[in-house]
2 protein chains.
Amino acid sequence: MKHLTDKKEFDFRILKTIPIFSELPDSRLEALFEKLKRNELKRNTCIFLEGEPGKEFFIVAKGKVKIFLSSPEGREVTLTFLEPPQFFGELSLLDDLPRSASARTVGSSILYSLRKESFQNFLTEYPQAALRILKTTTEMVRRLTEQVHSLVFKDVQGRVAKKILDLSKKQIGIKFTHQELANMIGSARETVSRVILNLEEKRVLKINRDGIQILQIHELEKLL
Amino acid sequence: MKHLTDKKEFDFRILKTIPIFSELPDSRLEALFEKLKRNELKRNTCIFLEGEPGKEFFIVAKGKVKIFLSSPEGREVTLTFLEPPQFFGELSLLDDLPRSASARTVGSSILYSLRKESFQNFLTEYPQAALRILKTTTEMVRRLTEQVHSLVFKDVQGRVAKKILDLSKKQIGIKFTHQELANMIGSARETVSRVILNLEEKRVLKINRDGIQILQIHELEKLL
DNA sequence: GCGAAGTTGTGATTTAAATCACTTTTTAAA
DNA sequence: TTTAAAAAGTGATTTAAATCACAACTTCGC
């Protein structure tokens, strides 16, 4: 492994933290690593678009990727964000159908990509990997099911409350613009602004430089 | 196989048409079949509820099953319908989380169920099966993604048009009540009635005893 | 530290669609 | 075949939230 640069060495270590790959013997992992293409991308770079044929599988080594849907008028709904050591783009490689959503970097990022054939070879060679991928796919199903649930049954206030609660379980300090929050819940920026302002006035939330902070989690849960 | 009754023989043949099972050698399939419990259910019988722990995997041998979400106020959104030889209920068995949706029979049905441990044993014994299940799970992801897309970007007319077009690709004659159609697209019965009436007046659709018939597919596609 | 770009705050207006409240029609069961 | 139950049609009303149209703040890159 001495031939790897420090940079690559760093990324190689990240690769080992990914559940699908971590089980592979080091020798095999290294061979796979040679097939990966390193992509350094600036922020807001398009990775693929809804409707395109899927050619690659991606692993996030650094930065953040947004998976989203867009309307002809240019509106967007955010489906999810991905950070190291998560991966994405496997769906179209599994079923040979066009991309169901688009992907773009949020911050400047480093991605590793694996071409379709290599990904499929990998899957046939290591069928256990199918089970790991199945795991992330079930997570997608659950996330999307919840999103449908929220969209149909909850008003904007309820959806904002749920989103803030969900985000707070994954990170401290929720730093998103109102526009981004609106995209996550399928609403309009102004409406989200008004809802958040209202929750701030009721001392349920507090906004500071680190983003949104929950003051009364119980009050927020009542809005669900 | 002589010990199987005619009834069971019939269901056994259905079992063989299911992609996950069809690859198994007959001997192994028969052993698995012995572990299956046969359930004859009347129409509108609850199979499981959102939030419950998942204990079984189900195969539809006869009839029709609805997968849906419900709100505290008693409203419902339909996620999908399942017919022979489809299966369902695997999600919670794969990730050990509560049921993400509820299931109930639509017509009187026959289901085969496999207990969690047997399902999991089956998966470890036949890792190729993970790939087949992965296939149906990706279908769920695509269906749900489309549902989110429609809910956020389309108005009720657009959602009705899309649903009718989608259904028409799978069956001739779309026979659902307006209420059911409303549940499928997350809208209200009255609104759906008005939209369909309007499409009928414009000679885009025709309603007869077999349900909805599309007259001008191109007009319907324009509404998407 | 300045100016431009990106965010947020806010009122006014519009709009789609839910809800309500019935009637009429269709379907299925006794 | 009557009648009960389910489904569909329809006007009127209400409502939540999108949209429009700016002003006022923040940030942040030069």
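Proteins get letters first, then strands, A, B, ... in listed order; numbering begins at 1 in each.
Applying the ring-ring contact (aromatic ring centres under 6.0 Å, His included) criterion to B/His149, with sequence neighbours excluded, gives B/Phe153. Shown here are the salt bridge (charged side-chain N to carboxylate O under 4.0 Å, His left out) partners of B/Glu219, two or more places apart in sequence or in another chain: B/Lys222. Annotation: salt bridge (charged side-chain N to carboxylate O under 4.0 Å, His left out) contacts of A/Lys162 (sequence neighbours excluded): A/Glu146, A/Asp166. Every residue was checked against the salt bridge (charged side-chain N to carboxylate O under 4.0 Å, His left out) condition with A/Lys175, not counting sequence neighbours, and none meets it. Legend: residues meeting salt bridge (charged side-chain N to carboxylate O under 4.0 Å, His left out) with A/Glu221, ordered by chain and number and at least two apart, are absent.
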Name each donor-acceptor pair under 3.5 Å that joins a side chain in residues 84-92 of chain B to protein atoms two or more places apart or in another chain, with its distance.
residue: B/Gln86; atom: OE1; partner: B/Glu83; partner atom: N; Å: 2.9
residue: B/Ser92; atom: OG; partner: A/Arg142; partner atom: NH2; Å: 3.4
residue: B/Ser92; atom: OG; partner: B/Leu97; partner atom: O; Å: 2.9
residue: B/Ser92; atom: OG; partner: B/Pro98; partner atom: O; Å: 3.3
residue: B/Ser92; atom: OG; partner: B/Arg99; partner atom: N; Å: 3.3

Pairs of donor and acceptor atoms involving the side chains of residues 48-60 of chain B, under 3.5 Å and at least two apart or interchain, shall be tabulated with distances.
residue: B/Glu50; atom: OE1; partner: B/Ser70; partner atom: N; Å: 3.4
residue: B/Glu52; atom: OE1; partner: B/Leu49; partner atom: N; Å: 3.3

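Terminal axes of the helix from C/dG1-D/dC30 to C/dA30-D/dT1 (five pairs each, C1' rotation axis) are separated by 50°, to the nearest 10°.
Within the structure, every pair that satisfies the ring pair (Phe, Tyr, Trp, His ring centres under 6.0 Å) test and touches residues 171-220 of chain A, not counting sequence neighbours, is listed here: A/Phe81-A/Phe176. Applying the side chain to side chain donor-acceptor pair (under 3.5 Å) test to pairs two or more places apart or on separate chains, those with a residue in residues 203-212 of chain B are B/Asn208-B/Gln213.
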Legend entry - Per-nucleotide protein contact string for nucleotides 24-30 of chain D, where B marks a base within reach and S marks sugar-phosphate only (heavy atoms under 4.0 Å, - for neither): -------

Legend entry - Sugar-phosphate or base contact per nucleotide [nucleotides 8-23 of chain D; S, B, -; heavy atom under 4.0 Å]: BBBBB----SSBB---

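Following rounding to the nearest Å, A/Asn183 (CG) and C/dT7 (P) show an atom-to-atom distance of 11 Å. Between A/Leu181 atom CG and C/dT7 atom P the separation is 13 Å, expressed in whole Å.
Counting only heavy atoms from C-beta outward, the side chains of A/Val152 and B/Leu69 never approach each other to under 4.5 Å.
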